[in-house]
Amino acid sequence: MAASMSGRLVLLACLVVAPLLLAGAARGHPWGGGLFPQFYDRSCPRAKEIVRSVVARAVARETRMAASLVRLHFHDCFVKGCDASVLLDNSTGIVSEKGSNPNKNSLRGFEVVDEIKAALEAACPGTVSCADILALAARDSTVLAGGPSWDVPLGRRDSLGASIQGSNNDIPAPNNTLPTIVTKFRRQGLDVADVVALSGAHTIGLSRCTSFRQRLYNQTGNGAADATLDVSFAARLRQGCPRSGGDGNLFPLDLATPARFDNLYFKNILAGRGLLSSDEVLLTKSAETAALVKAYAADVDLFFRHFAQSMVKMGNISPLTGAQGEIRKNCRRLNGNH
């Protein structure tokens, strides 16, 4: 009887998850938008090697930098497409995205991008875009942390402007509802499977107290903690994230293996130990996203495959190609600005 019940449960799980997995497989690796992995093979043959070596040094200096560089690419692509607009500093006519709510005192890795750009300019002046640097650095960071690799389509060019409004409005926030998060992804041409797979980047890195405080003290406006949060985990978090103050105190997004890219992020969610509200709602607010959380928790190879596919798809959001934009000599400013 037990064996028969367990067989039925496995079959049910397959029926729920299979359509999602087929959708993921169908997504494949479309090199759309004029991008392709061999773009610099002739014009700057050592480009990928240069990016990889600088990223490796940066991550060796500070393990957390791997997560920061993945996040930098994400925050770039969700605003005006993958065009390095996030790297621009304030200047005449440009209000930097670095000052937006999701980015201020939070986004990091800009100095590493500067270091990569300087090395590329020395090897191949005016050739490799800052947008492509972000895409390559995100892939290399994932690999260095133990995650999957993928061929990065290249050939993006750099934007001639920034959008602080887009940065404030388009990037999913830790306290957004699941429907809001899904809507923000769909606006970029990304689907529900991409939401769950890309959320898996939270298997590495740290988050500030201010990003999850409401879960500890006032999740629904009644002064109580989030009922979906493991009680002992919540007590531990409260020790370093008080009701007021300590906004910048840092906590691992994956308590178990914070520096290793694996699938324990999804196992943590199943145990009520997802740090952010946007993590936990993947399990509690939708049968479709919950099925994927469970599938990725059970099969790390499946998660790695879907994550790689979703990163390629995200990297293809509205790239500038051909004669659009420019190849910045300094990622922080337009070529005409000194």
Side-chain angles (χ1 to χ4, degrees), residues 16 67 71 74-75 78 99-107 165-187 190 192-256 258 263-297:
V16 171
R71 186 165 179 250
F74 183 94
H75 281 223
F78 265 66
S100 71
N101 293 328
N103 295 342
K104 191 176 182 182
N105 301 321
S106 173
L107 211 58
Q165 294 88 353
S167 190
N168 276 322
N169 297 327
D170 297 340
I171 296 171
N175 58 352
N176 279 161
T177 65
L178 184 59
T180 298
I181 293 167
V182 169
T183 296
K184 288 181 175 181
F185 270 73
R186 283 202 167 123
R187 279 190 206 133
L190 302 174
V192 171
D194 298 314
V195 172
V196 184
L198 292 174
S199 294
H202 287 174
T203 185
I204 53 174
L206 305 172
S207 182
R208 295 181 301 157
C209 167
T210 184
S211 296
F212 60 86
R213 174 184 283 122
Q214 88 286 346
R215 295 193 74 202
L216 303 178
Y217 301 104
N218 194 25
Q219 177 71 359
T220 56
N222 63 356
D226 187 339
T228 65
L229 193 60
D230 175 75
V231 174
S232 61
F233 183 47
R236 186 169 173 177
L237 293 174
R238 278 193 286 268
Q239 290 174 5
C241 185
R243 196 178 287 272
S244 62
D247 285 7
N249 292 354
L250 295 169
F251 294 80
L253 284 155
D254 169 0
L255 187 68
N263 67 336
L264 287 187
Y265 162 79
F266 296 104
K267 295 182 180 182
N268 292 338
I269 291 176
L270 294 178
R273 295 188 171 201
L275 184 65
L276 306 178
S277 176
S278 58
D279 299 325
E280 198 61 38
V281 295
L282 298 176
L283 178 67
T284 57
K285 299 298 184 185
S286 156
E288 187 179 7
T289 57
L292 281 165
V293 168
K294 291 169 186 171
Y296 295 157

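In what follows, every heavy atom counts, from backbone to side chain, and hydrogens, waters and symmetry copies are set aside. One-based numbering along the sequence shown. Everything quoted here is computed from the prediction, not taken from an experiment.
Residue I171 comes nearest to N176 through the heavy atom pair O-OD1, 4.4 Å, listed as atom of the first residue, atom of the second, then distance. Between P252 and P258 the shortest heavy-atom distance is CB-CB, 3.5 Å. Closest approach of K184 and A173 over heavy atoms only: NZ-N, 4.3 Å. When all heavy atoms of A234 and L229 are compared, the closest pair comes out as CB-CD2, 3.6 Å. Taking both residues in full, the closest heavy atoms of P174 and S211 are given as CB-O, 3.5 Å, listed atom of the first, atom of the second, then distance. The two residues L178 and S286 make their nearest non-hydrogen contact at CD2-CB, 3.5 Å.
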Inset, instruction - Could you check V281 against T177 for side chain to side chain contact (heavy atoms under 4.5 Å, CB included), going step by step and ending with a plain yes or no? - result: CA-CA 8 Å; V281 295; T177 65; over 6 Å; no
Legend entry - Trace of the side chain to side chain contact (heavy atoms under 4.5 Å, CB included) decision for Y265 with L253: CA-CA 8 Å; Y265 162 79; L253 284 155; 5.7 Å; no
Legend entry - R238 and Y217: CA distance, side-chain angles, deciding distance, side chain to side chain contact (heavy atoms under 4.5 Å, CB included) verdict: CA-CA 9 Å; R238 278 193 286 268; Y217 301 104; 3.4 Å; yes
Inset, instruction - Determine, stepwise, if the pair L190 / L198 fulfils side chain to side chain contact (heavy atoms under 4.5 Å, CB included). - result: CA-CA 10 Å; L190 302 174; L198 292 174; 4.3 Å; yes
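The line from OG of S232 to CZ of R273 is 4.5 Å long, rounded to the nearest 0.5 Å. Once rounded to the nearest 0.5 Å, the distance linking NZ of K294 with CG of L282 reads 12.5 Å. D226 CG to S277 OG: the interatomic distance, rounded to the nearest 0.5 Å, is 6.0 Å. Taking CD of Q214 as the start and CG of L276 as the end, the distance is 8.5 Å to the nearest 0.5 Å. Going from atom CG of D279 over to atom OG1 of T203 covers 10.5 Å, rounded to the nearest 0.5 Å. A distance of 4.0 Å separates CG in N103 from OG in S167, rounded to the nearest 0.5 Å.
Counting heavy atoms from C-beta on, the side chains of V192 and R186 come closer than 4.5 Å. In this structure the side chain of N218 never reaches within 4.5 angstrom of the side chain of R243, judged on heavy atoms. With a 4.5 Å cut-off on side-chain heavy atoms, H202 and S207 do not count as touching. With a 4.5 Å cut-off on side-chain heavy atoms, T228 and R215 count as touching. Side chains of D247 and R208 form no contact here, defined as non-hydrogen atoms less than 4.5 Å apart. For the pair L255/R236, a side-chain contact is recorded, criterion being any heavy-atom separation below 4.5 Å from C-beta on.
The main-chain N or O of S100 is never found under 3.5 Å from a side-chain atom of N168 such that the two would form a donor-acceptor pair. Listed for the N249 side chain is a donor-acceptor partner under 3.5 Å among the backbone atoms of G240. Counting only distance, with no hydrogens or angles, the side chain of N263 and the backbone of Y296 share a donor-acceptor pair below 3.5 Å.
A side-chain contact (heavy atoms from CB on, under 4.5 Å) with L206 is found for one member of L250, D254, L275 and no other, namely L250.
Note on ring orientation: taking the six-membered ring where Trp is involved, the planes of F251 and F212 are perpendicular (angle over 60°, cut-offs 30° and 60°).
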